Amino acid sequence: MDVEISAHIRDAAARLGAGVPHALKVVAGQLSDDPDMGQASGRPGVLTVSVDGDLFEDCLSSTVGYVREHARIDVRYVKPSRSTDAVERKRCGHHRSGT
């Protein structure tokens, strides 16, 4: 299944931390294989997948929202997870080590 990530979503990911674009690519690959892996977001038709920032270098935990259509997935947003605190946001992209 084709996963589309627009330029403004890629830019938003980069602003969240140097490792977030890579994490987004990994999620896109997983969505291509399993488009129903997300959970309901509370927004009509939008599913979400959580990204554990500890699994990627220079990446804070985030949420990826997407819409599944017949033959493609459209990533609609990437944003910090609600559980992400201000300290983690400040550290992301600086000297935080990942696994």
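It should be emphasised that the depicted structure is a prediction, and the values quoted were computed from it without experimental measurement.
C59 contributes atom SG, which lies 8.0 Å from atom CG of L16 (distance to the nearest 0.5 angstrom). Taken to the nearest 0.5 Å, the CG atom of L60 stands 13.0 Å off from the NZ atom of K79.
F56 places a side-chain heavy atom less than 4.5 Å from the side chain of V51. Between E4 and V75, the closest side-chain pair of non-hydrogen atoms is not below 4.5 Å. In this structure, the side chains of V78 and T63 stay at 4.5 Å or more apart for every pair of heavy atoms.
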Distance-only donor-acceptor pairs under 3.5 Å for side chains of residues 24-33, two or more places apart:
unit_1: S32; atom_1: OG; unit_2: M1; atom_2: O; d: 2.8

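One N or O on the side chain of Y66 and one on the backbone of P35 form a donor-acceptor pair closer than 3.5 Å. Judged purely by atom type and a 3.5 angstrom limit, S81 uses its side chain to pair as donor or acceptor with the backbone of S62. R10 contributes a side-chain N or O that, together with a main-chain N or O of I5, makes up a donor-acceptor pair within less than 3.5 Å. Between the side chain of T48 and the backbone N or O of S41, no donor-acceptor pair lies under 3.5 Å.
Side-chain heavy atoms closer than 4.5 Å link hydrophobic residues (I, L, V, M, F, W, Y) into clusters, and following such links, possibly through other members, connects V64 to L55. Taking hydrophobic clusters as Ile, Leu, Val, Met, Phe, Trp and Tyr residues chained together by side-chain heavy-atom distances below 4.5 Å, V46 does not share a cluster with V49.
The side-chain hydrogen bond (donor to acceptor under 3.5 Å, both in side chains) search around D74 returns R76, not counting sequence neighbours. S50 meets the side-chain hydrogen bond (donor to acceptor under 3.5 Å, both in side chains) test with no other residue; sequence neighbours excluded.
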Q) What do the steps show when you test R72 against V3 for side-chain contact (heavy atoms from CB on, under 4.5 Å), and what is the final call? A) CA-CA 6 Å; R72 72 183 185 107; V3 179; over 6 Å; no
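Looking at every heavy atom in both residues, A18 comes nearest to P21 through O-CD, 3.5 Å.
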